[in-house]
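Proteins get letters first, then strands, A, B, ... in listed order; numbering begins at 1 in each. Quick note: numbers below take in every heavy atom, side chains included, and nothing from hydrogens, waters or symmetry partners. Only a predicted model underlies this, so the values are computations on that prediction, with no experimental measurement involved.
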2 protein chains.
Amino acid sequence: MSTATVSRAINRVPTVNPKLVQRVWRAIKELGYYPNTQARALVSGRSRIFGLIVSELTNPFFPEIVQVFETIAVRHHYEILLTSTMNDPEQMESSVRRMIERQVEGVAVMTFGMEDAVLEDLKLRQVPLVFVDVGPRRPRVSNLRIDYLSGIRQAVQHVAALRHERIAFITGPHTLKSAMARKQAFLKAIHEIGRDPDMELIVEGNHTMEGGRLACGHLLALAKKPTAILCSNDMTAIGVMRRCYEDGIAIPRDLSVVGFDDIRLAQFMLPPLTTVQMSQAELARLAFDALLAEVEREEPLPEGSEYVLKTALIERESTAICRSNAAASGNARKE
Amino acid sequence: MSTATVSRAINRVPTVNPKLVQRVWRAIKELGYYPNTQARALVSGRSRIFGLIVSELTNPFFPEIVQVFETIAVRHHYEILLTSTMNDPEQMESSVRRMIERQVEGVAVMTFGMEDAVLEDLKLRQVPLVFVDVGPRRPRVSNLRIDYLSGIRQAVQHVAALRHERIAFITGPHTLKSAMARKQAFLKAIHEIGRDPDMELIVEGNHTMEGGRLACGHLLALAKKPTAILCSNDMTAIGVMRRCYEDGIAIPRDLSVVGFDDIRLAQFMLPPLTTVQMSQAELARLAFDALLAEVEREEPLPEGSEYVLKTALIERESTAICRSNAAASGNARKE
DNA sequence: ATGAAAGCGCTAACAT
DNA sequence: ATGTTAGCGCTTTCAT
């Protein structure tokens, strides 16, 4: 029996004698034989590896993305090559190089911000790519566009319905495209309900807890304080909660706060954080599907592909009716 | 110029003419050439891949481990093959198979619990392995032993010094070796300070928030309630905090709580959680070093290797002096 | 239905 | 110092 026959048996080529197939499988069991993926990849030209680039695993936004991406990948007999760049262009470059060397069949760039020239090499090789929000429209690259407005609109209407009138927004860093999109969505949503945003109530954060804490301090020092604060991400909201804890301000009694992202942490906060969900599981799934579709597509679409991810409000316990305005409008309210 | 020369130039074999080396590198730049790792691995017999098996990425204990392991791996020109098993033996088996097929040079099994027969295949192949707490002593397998006692002793002494007398402990699942080790450490530490543990105050949790919440409920229903609760892990402590929040019990004023693990979340809690740190970064580093040492060791040690990871108390704000006992002993204390 | 042989991209041994 | 050749483990023609 030749190696060719064995190969055929393993790969279930129908023309092999069932008797032989049996023998082959028995031998495999006995010898504990496992095929060598490298050799397979070498001859087939298909590595069955997808690259996955994230900013940092310790940012609570990413673990679920990686988890889900990995699970789906395995189901499709793909392996993932994971790298976290810490937002360092040099690391980004090195990870791209490693990915090319390992012959990845596609790369999901889940790092918010920078769609860099660093990726030129990947594009040159026609490696399918998928970005969040920032990708160019060109063949073999897909984009996951986040519909920030849908969820943020819900959040704004939610607090407005709770009679809040002074609604603040803490932004992310203004260098970050996705953060600016969130701010714009907030402004739009405010306009939609016929109000004019009070610019004093829009302050800049940096998507960290400390940034949220500081920004909250500013807001609380205002002559006319907000009664509700919406945040550009959950970590910011956690900073707000921290600040309120320090200052003895009770959430949601004295102040309502809403986050964005719905990282796992959000539900562990006390009180559990009301937040706009941008499903990490869904994001991962879309990214994988986009890559897979591209790999299986013979002729690349000239304009690449686009997918949209909706966002939606998750009501938990960090928002409540505005006490002052509830009283003003004659609504009884227990203390 | 032959391919061999190019290969030598790339691999910096000193005997090649500097002129040629120059030309080679220039051509590489121009053509955007990257060596094919698969082919290299095939001929060299070294994949430069380490497997990393974790339980689940969404468990806050793991992301930092993965992050650090990956960072170190890259620095040593290794790639990691990451799989999360969700504690499912079947997934564990499949991931082991995939690792063998990809010719990993070593595997770090960071999944607390089960050192399974599933790993037989790996052992057969003499693949270096590293476990946490549960590995057998045999050639090519290393063990990271956690020194639970050092940190738990500090925690016990810390709350004892704060005049707490009724100190409770919420365990993990009793099927989990590492959880039982923590409980034993607690008992030992209590004895060390000359006290007898009150078995009524030892209740079982399951390392989840809900488990902690329930266990805390039991403890609070006791005729003689504890004034301090130590937990087998941080998620349990978070459950305790949740329960107290629901019941209007103030931490640390009415109750002190201590966690274990020091997951990132701990510092974001309100109040920030006092906890026993088991450094995830250190754990990852030890695991990688163990693997690397084993790969580079020609002759395997007959008994494998052992490394010890210390634990230590991180004091934050969820513990405070016991009010009742402070008063009883005549200590004034502001409200 | 099976075997023989070529070749995937690279490195190492041998030859020059 | 460089080129030639063989071979890593596998799949895939091409014969038979």
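Atom CG of A/L31 and atom P of D/dG9 are 15 Å apart (whole Å). Across the protein-nucleic acid pair, A/L42 atom CG and D/dG9 atom P stand 12 Å apart, rounded to whole Å. A/N36 has its CG atom 18 Å from the P atom of C/dC8, to the nearest Å. We find that CD1 of A/I10 is positioned 16 Å from C1' of C/dT2, with the value rounded to whole Å. In this structure, CE of A/M1 is placed 16 Å from C1' of D/dC10, rounded to the nearest angstrom. The interatomic distance linking B/Y34 (OH) with C/dC10 (P) rounds to 14 Å, in whole Å. Summarising the geometry, the separation between CZ on B/R8 and P on D/dT2 is reported as 9 Å, rounded to the nearest angstrom. To the nearest angstrom, C1' of D/dC8 lies 10 Å from CD of A/Q38.
Atom CG in B/L292 sits 5.5 Å away from atom CZ in B/F50 (nearest 0.5 Å). Note that the CZ atom of A/R102 and the CZ atom of A/R97 stand 11.0 Å from one another [nearest 0.5 Å].
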Walk me through it: do B/E56 and A/R264 pass the test salt bridge (charged side-chain N to carboxylate O under 4.0 Å, His left out)?
CA-CA 13 Å; B/E56 37 175 349; A/R264 260 206 153 46; over 6 Å; no
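Within the structure, a side-chain polar atom (N or O) of B/N11 is placed less than 4.0 Å from OP1 or OP2 of C/dT11. For D/dG3, one of the phosphate oxygens OP1 or OP2 lies less than 4.0 angstrom from a side-chain nitrogen or oxygen of B/T5.
In plain terms, the two heavy atoms of A/L20 and A/M1 that are nearest each other are CD2-SD, 3.8 Å.
The residue among B/S44 and B/A4 whose nearest nucleotide of DNA chain D lies closer to the 5′ end is B/A4.
Among D/dT4, D/dC10, C/dT11, the nucleotide with an atom closest to any side-chain atom of A/Y33 is D/dC10. When the nucleotides C/dT2, C/dG9, D/dT11 are ranked by their closest atom to the side chain of A/T15, C/dT2 comes out on top. Set against D/dG3, C/dT2, D/dC10, the side chain of A/N17 has C/dT2 as its closest nucleotide.
B/Y34 and A/D121 form a side-chain donor-acceptor contact under 3.5 Å, judged by distance and modelled atom types alone.
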